[in-house]
Amino acid sequence: MVWVVNFGEFDVVVKVGKDADPKFTRAMYVLLPFASAFARRGGDVEPILRRNRIPPDALSDPTMLVEANACYGAMEDMANEVGDRCFGASIAIDVANSGSPAIRDAAAHARIFGDFLSRLVVEIARKMNNVRYRVDVSSEAASFEIRRTVAPRGATTQVDAVGVAFYVTVFKRGLGDVFDPARIAVIAPTIDGVPEGFLPKQSLMKSRINGLRISFPPEWLWSPFSLDWRIDNAERGDLGGEDSDALLVHFRSMIEDSIDEPDLSLHRFADLVGLHPRRVQRILSANGTSFRQLKEDVRRGRALELLSTTIAPMSEIASQVGFCDVTAFDRAFKKWTGRTPGHFRPSPPFERDS
């Protein structure tokens, strides 16, 4: 199925379904961790998506496919805006350690490394068709290879670094003491985005390969392999399950950082975290709350703290917790506590002593 989505000043071709052209990929799996990390560092996701002609819904719909080159471009733009060449690699390492639903089955059911790799190739093929995975084995060496099905139009620093950091971290975590970084060879078009010291220099090589190849001793294939990821069975992208405590903590932190905005709406908040509003609602619902309730909790906590620990005027406190005037703040505070802010605030020491 092909959709043509009108996105502001231009049309975006979006292909949905497994039979789409191999130059398309599922943006949710590729970009969602990037968008979330970018927003946490103060970035505005929407202009990046617009610049690369990616509809916002692509970050919340696991069936929606967009051009792989558009995703690569968005990744590069985010890393450039935050000024961090290792931006993608750091995200990939975090995802590899916490768990990726994109390869959930391979991680959960494999018992040895070779079993994991074979399951991985099959599972990825069911979800993404812009890459081709392959495992080769000989008596001298084994290799795990990823080949892109389309030639990149621009820089690949971030996508290459993501591949290297993610898979090397997964292999290291799953193999445990068997893993020896000096016994692998990693080949990619560029290694500029790989953190210094992540692997020995002799283990990293550049080549014209359109993808990634990791070679390792063949005897590792029979080694026990366990990732022990705690992820659920839903198709939810690489931030983890929607009932994740980490997600709720992140949302609360983002609201706390923006609570002084009087018009902090769900749509505005969704822009800040780089997700579709419907996905934000689903995540909060899975955690037994709502955007309105979470915002009220943060407002109440901030107001109580300011009233208890500062002598700031009521008008200033009202502004700091997102109210346009003192009257609205008084009304909300009485609803929260049964008292007005003036009755709640402790008397100054000189008043108590008199």
Side-chain angles (χ1 to χ4, degrees), residues 34-48 56 78 81-84 87 90-91 94 239-240 242-354:
F34 262 80
S36 181
F38 182 64
R40 286 197 299 271
R41 292 178 66 166
D44 188 351
V45 176
E46 185 175 344
I48 299 286
M78 291 182 202
E81 283 207 12
V82 299
D84 183 359
F87 182 57
S90 63
I91 296 169
D94 288 344
L239 286 179
E242 289 180 349
D243 58 351
S244 162
D245 290 340
L247 271 177
L248 189 60
V249 170
H250 169 51
F251 280 7
R252 179 180 286 275
S253 174
M254 293 294 287
I255 291 177
E256 287 173 348
D257 290 343
S258 311
I259 199 61
D260 59 342
E261 293 188 23
D263 298 320
L264 183 61
S265 65
L266 172 63
H267 281 74
R268 166 62 179 153
F269 177 71
D271 287 341
L272 290 174
V273 297
L275 298 175
H276 192 279
R278 288 195 298 271
R279 178 164 164 79
V280 172
Q281 289 176 311
R282 288 198 302 269
I283 291 170
L284 292 173
S285 178
N287 284 276
T289 188
S290 66
F291 174 71
R292 181 177 179 179
Q293 182 179 337
L294 190 59
K295 185 171 75 169
E296 288 293 285
D297 288 346
V298 171
R299 275 181 160 177
R300 181 175 60 249
R302 178 69 62 81
L304 293 172
E305 177 187 1
L306 292 172
L307 287 167
S308 301
T309 61
T310 75
I311 57 171
M314 290 297 177
S315 58
E316 183 178 323
I317 293 177
S319 175
Q320 288 189 45
V321 294
F323 289 94
C324 296
D325 55 62
V326 174
T327 302
F329 174 51
D330 283 349
R331 189 164 52 246
F333 193 86
K334 191 170 184 179
K335 180 181 176 183
W336 297 334
T337 67
R339 289 185 285 174
T340 64
H343 283 98
F344 175 86
R345 170 173 264 175
S347 300
F350 65 86
E351 289 187 10
R352 292 199 300 268
D353 294 339
S354 60

Drop me the distance from M254's CE to I259's CD1, to the nearest 0.5 angstrom. 12.5 Å

Tell me, do R252 and D297 make a side-chain contact under 4.5 Å, heavy atoms counted? yes

Which pairs pass salt bridge (Lys or Arg N to Asp or Glu O under 4.0 Å) with one or both residues in residues 256-266, sequence neighbours excluded? E261-R268

Indicate every side-chain donor-acceptor pair of residues 310-317 with a distance under 3.5 Å to a residue at least two apart or in another chain.
| from | atom 1 | to | atom 2 | distance (Å) |
| --- | --- | --- | --- | --- |
| T310 | OG1 | L306 | O | 2.6 |
| T310 | OG1 | A312 | N | 3.4 |
| E316 | OE2 | Q320 | NE2 | 3.2 |

Main chain of F87, side chain of S90: is a donor-acceptor contact present, judged purely on distance under 3.5 Å? yes

So, for A37 and I91, which heavy atoms are closest and what is the spacing to 0.1 Å? CB-CD1, 3.7 Å

What one should report as the nearest heavy-atom pair of L284 and S290 is CD1-C, 3.7 Å

Verdict with supporting geometry, I48 and D44, side chain to side chain contact (heavy atoms under 4.5 Å, CB included): CA-CA 7 Å; I48 299 286; D44 188 351; over 6 Å; no

Is a donor on one side and an acceptor on the other found under 3.5 Å between the side chain of K295 and the backbone of I255? no

By side-chain hydrogen bond (donor to acceptor under 3.5 Å, both in side chains), which residues pair with D84, not counting sequence neighbours? R41

Looking only at heavy atoms, the pair that brings R299 and W336 closest together is CB-CH2, 3.7 Å

Check A39 against V45 and note the closest heavy-atom contact, atom names and distance. CB-CG2, 4.4 Å

Minimum heavy-atom separation for V280 and L266, please, with both atom names. CG1-CD1, 3.8 Å

Closest heavy-atom pair and its distance - V321, A303: CG1-N, 3.8 Å

Test of understanding: with side-chain hydrogen bond (donor to acceptor under 3.5 Å, both in side chains), list the residues that count as partners of Q281, not counting sequence neighbours. none

Using a 3.5 Å cut-off and no angle test, enumerate the donor-acceptor pairs between side-chain atoms of residues 322-335 and protein atoms at least two apart in sequence or in another chain.
| from | atom 1 | to | atom 2 | distance (Å) |
| --- | --- | --- | --- | --- |
| D325 | OD1 | T327 | N | 3.1 |
| D325 | OD1 | A328 | N | 2.7 |

Filter on ring pair (Phe, Tyr, Trp, His ring centres under 6.0 Å), then keep only pairs touching residues 255-274, sequence neighbours left out; what's left? F251-F269, F269-F291

